[in-house]
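Structure, as structure tokens:
First listed ligand is number 1; within each ligand, the first listed atom is number 1. Given the structure is predicted, the values throughout are model-derived calculations rather than measurements.
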Amino acid sequence: MKFLYLLLIFVVTLQHSAGTHIRIKNNGYELVVVAIHESVKENAQMLTSLKKIITDSSKVLYSATRHRAYFRKVFFLIPSTWSSGLADKDSTSVNLRDADIIISDPSSVSRRSYPRTRSYAGCGHRGIHIQLRTDVLFNSRHPLVQGKPEKYLVHEFAKYWYGVFEEYPNPGENQFYFSTTVGRADPVRCSTGLRGRIMKKTQSGIQLCSYDSIDPDTGEFPEGCVYYPYPSHNQGTASMMDHSYIQEIKDFCDDDQTPGHFSHNVEPPNRQNRLCSHRSTWDIISNTPDFLNNANPPGSLSDSQLTPQFIVFRAPSRRRRRLAVVLDPPQEFHKRLRLHQAVDHFLTEGFDDETKVAIITNAAHRKGTRMRSRRSAAVKSSLQSIDQFYSLSTMRSRIRRGIEILKKRNSTKEGMEFHLIVISCNNQSGFETEVLQEMATTGITPHFIHCGENGIENMEKIRLQGGHAESRNQRSIFYAVQRLSDKLHDEKDVSVQISNENIELDGDTAYHSEFSLDDSLRGELTIRLHYSTSEPSVQVVAPNGSECIYKSTDRKLRYIRLTSLVSHNEQGKWSITIKNKTPNKESINVLVMLQPIISEDEVPIRTNAWVKVFHEHSPPRVGVYAEVMNGGHPVVNANVTAHVYHEDRKVAVIPLRDSGGGFDIMKNDGIYSNSFTEIESQGRHYVEVMIEDVLTNSEIHRTYELQLPTEKDTEDDQHDLHAPRLDYHTEKIPLRHRLKRSTSSGEFHVDHRWDSLSGGYDYPPARINDLTVTRVNRKDRKVSLSWTAPGSDLDNGRASSYEIRYNTNGTALVLNPKKGMLVKEDMLGDTSGKPKEAGQVETVTVQFPAKMKWVAIMLRSIDENNNAGEFSNMVTTYFVL
Ligand SMILES: *[C@@H]1O[C@H](CO)[C@@H](O)[C@H](O)[C@H]1NC(C)=O
Ligand SMILES: *[C@@H]1O[C@H](CO)[C@@H](O)[C@H](O)[C@H]1NC(C)=O
Ligand SMILES: *[C@@H]1O[C@H](CO)[C@@H](O)[C@H](O)[C@H]1NC(C)=O
Ligand SMILES: *[C@@H]1O[C@H](CO)[C@@H](O)[C@H](O)[C@H]1NC(C)=O
Ligand SMILES: *[C@@H]1O[C@H](CO)[C@@H](O)[C@H](O)[C@H]1NC(C)=O
């Protein structure tokens, strides 16, 4: 067994618009990207071990999916610091941010994270990526691995790709629940066939906890009693989402009731049951698009056919970017000016001096255009010639010209990248298919930003070729170029956007604003003021009261640029005063950003926003998400607001929450969520996200995995060791200075599918997924319940009532909640009246009828039009044993 030393963990922010390229064809997953982070030291042996693990897990996956899926083609991305002999190719197209599986070393103390698969969209939907740590994967004693890394990998892959969840209790969740089937406490597990022992550690050694030791008052085992499954001797073969390492386990839990089969137990309150409406993992997996309607039917492949093909790419040590920027600006001068300002911003901030640029505005007149340094006079002057007459050449010929210029540089130097960037504000709205094909064969990445009304043709093709395609209104062109810039940079080089505002300043007035730089920010602060007619005066004051000194003005492109170096002393409150010295109205775009200095244990808090449309509902539902992360650690209690735009118009302002419940499937994971329901018209929508903590409430939650020693069984012989239990510790670090960020999502399109329901979009309340029992008065049979209130439309507004159902048979209640008995008004203790506003915590006490020995409970929310949400997760408790 290879032993690896503890090093640095790394950190990724994901571009959800790019993301994975995995696809399944004839049962085989292709384009699975496994990236090794640069924190991992070169280790050829490790690469070999990883290939072995993935080969083994391909077989495990094939068996677990009942011969429907395996890994056919896997790409490795190894760090640039590893020797090129280990790679088949030096990569330019594969990026760490697009990886499905990221492998890192455990970190230095401050950034240490735990391995996990992050999800946001809920049951049946894929997650963000799988993050693995070398010290877990290669540690045969780790609680999750137990010498079976190939099964652990399939367990994580199922979470990531199929949107199923753990069936064992996660740290912090209850180890036991009250089973209405057996009428007593039972360990949380998928199937009752998962055998083991309940034990407790005492000073004199390990002690068994018998069912007789259950406290009749609390229904619980004595403090410290924990369920330890046997590493073998399981009954049945499920479940991969439970303790996957157990010898006999090779399947996902299903609903097959054949005696002796040990199928899915619907009752335990584990994550799978809570988030997947108590459905079995195989039920969810077999209904994903990969397998639905008999897609990828069972095959009969041999072990050797299940061996994946591996292609190893090496990340380039430096990027040599060649950018051909083709402009098609609008007729109107002011709009054209904004576009040129945005392109100048794009080229000036962020790129290094290895980047060469050609600006193509008029192919007919500029035959001599070639690649130049991005700071060259030629580049500057083409941007500055805003008055230049454009329409002499067609867009088609300009795009041609761009391709020719890129192709002229036929260099195979390491890290060479070719990008054709088209920014069009006119009718030209995409690349022709042949042009895209030509770029694919010549290694040019196409990008298209459209700032007109039309959408982009061939958008999916552009994205498949690794490009960025986005349709934006003119007013948010700065957001669009920022997103393109983020895509072209490695995570560590991406700038942090603090704010991005368009302001209108009346004649002879001043604008005053403040922004705060939080504790995680160090680096070069840049403020850009893009004005439209006459230069305003500007004053920027640092927290210590001194004025920002470095200031430059470009009067042709009409912007003022201020910079300042920010160290720990300059964190805190900054202020900007802008004065319009003319009698005329002035519109100004104010951009504040910071190019961070990153060290081993200091990374900035980063944000990212995205939208997911759930087409399985009619009308489709729209989830809006933003993440706020400090490296691998979530930032909680941030004040996150999403502004939804349709064309030029703001159509909704939505608070995003990380409090769990409804669209937010996981509390305090740094992913803030809500739904967008105020859909008024069809067309392109996009989201700008503001994070602004007036009260400085934000905290970084750093979670460490606690290393618990392996428990040796005192009674049994040596080889019957039990897996140590997983445990985490979370350190909460409050920010001293206010957090402020701005970010944006890509577009989403409201189309004819929203029309399927006449009479507007009356969404039902969201499903409650965090129902818990907070207190039980057994004598009086009073049960206090708590959950997060959904709204009248999904997670917005206020519902009008709740329907609480109960049954003594939990299984029967889950199978048919409407057949359960209804909690009537007179059973509610403290009549709480109307449901609370969405996102708030509800608590209700219910008194259950006499003679009930125990109870299972579910509920749903109903809006003013009698639209009912889906039933919640189920909880159980007992009154007498
Ligand atoms: C580019 O170089 C490769 C070899 O390095 C060559 O095969 C190819 O024909 C060249 N392409 C052009 C357009 O010059
Ligand atoms: C764009 O197309 C529309 C009709 O398709 C036409 O009326 C309009 O003049 C065109 N605009 C430009 C700038 O070519
Ligand atoms: C205030 O901070 C600036 C840098 O932002 C620094 O140059 C200056 O010396 C500081 N002034 C005082 C009085 O500390
Ligand atoms: C939350 O952010 C909004 C702006 O995005 C701001 O108006 C509001 O004051 C903030 N609230 C708190 C409590 O920080
Ligand atoms: C509970 O309900 C399920 C499903 O209806 C049924 O199969 C089971 O026998 C019931 N259990 C008891 C104890 O009645």
Salt bridge check: are Arg702 and Glu731 linked by an N-O gap of less than 4.0 Å? no
Using distance alone, decide if ligand 4 has a nitrogen or oxygen within less than 3.5 Å of any nitrogen or oxygen in Val694. yes
Option from Phe176, Phe178, Tyr177 for which ring-ring contact (aromatic ring centres under 6.0 Å, His included) with Phe221 holds: Phe176
Under a 4.0 Å threshold between the charged nitrogen and the carboxylate oxygen, would Arg657 count as salt-bridged to Asp664? no
Which part of Thr641 is near ligand 4, with near meaning a heavy atom under 4.0 Å away: side chain, backbone, both or neither? side chain
Under 4.0 Å from one or more heavy atoms of Glu692, ligand 4 contributes atoms 1 (C), 2 (O), 4 (C), 10 (C), 14 (O)
Residues around ligand 5, heavy atom under 4.0 Å from any ligand atom, sorted by chain and number. Can you pull those? Asn809, Ala812, Leu815
Indicate yes or no: does Glu680 engage Arg649 in a salt bridge with an N to O separation below 4.0 Å. yes
May I ask you to decide whether Glu803 forms a salt bridge with Lys818, counting only side-chain N to carboxylate O separations under 4.0 Å? no
Suppose we call two aromatic rings close when their centres sit under 6.0 Å apart. Are His646 and His685 close by that rule? yes
Return yes or no for this condition: an N or O of Asn639 is under 3.5 Å from an N or O of ligand 4. yes
Look at the aromatic rings of Phe515 and Trp574 and report parallel, tilted or perpendicular, splitting at 30° and 60°. parallel
Is any side-chain heavy atom of Thr877 closer than 4.5 Å to a side-chain heavy atom of Val855? yes
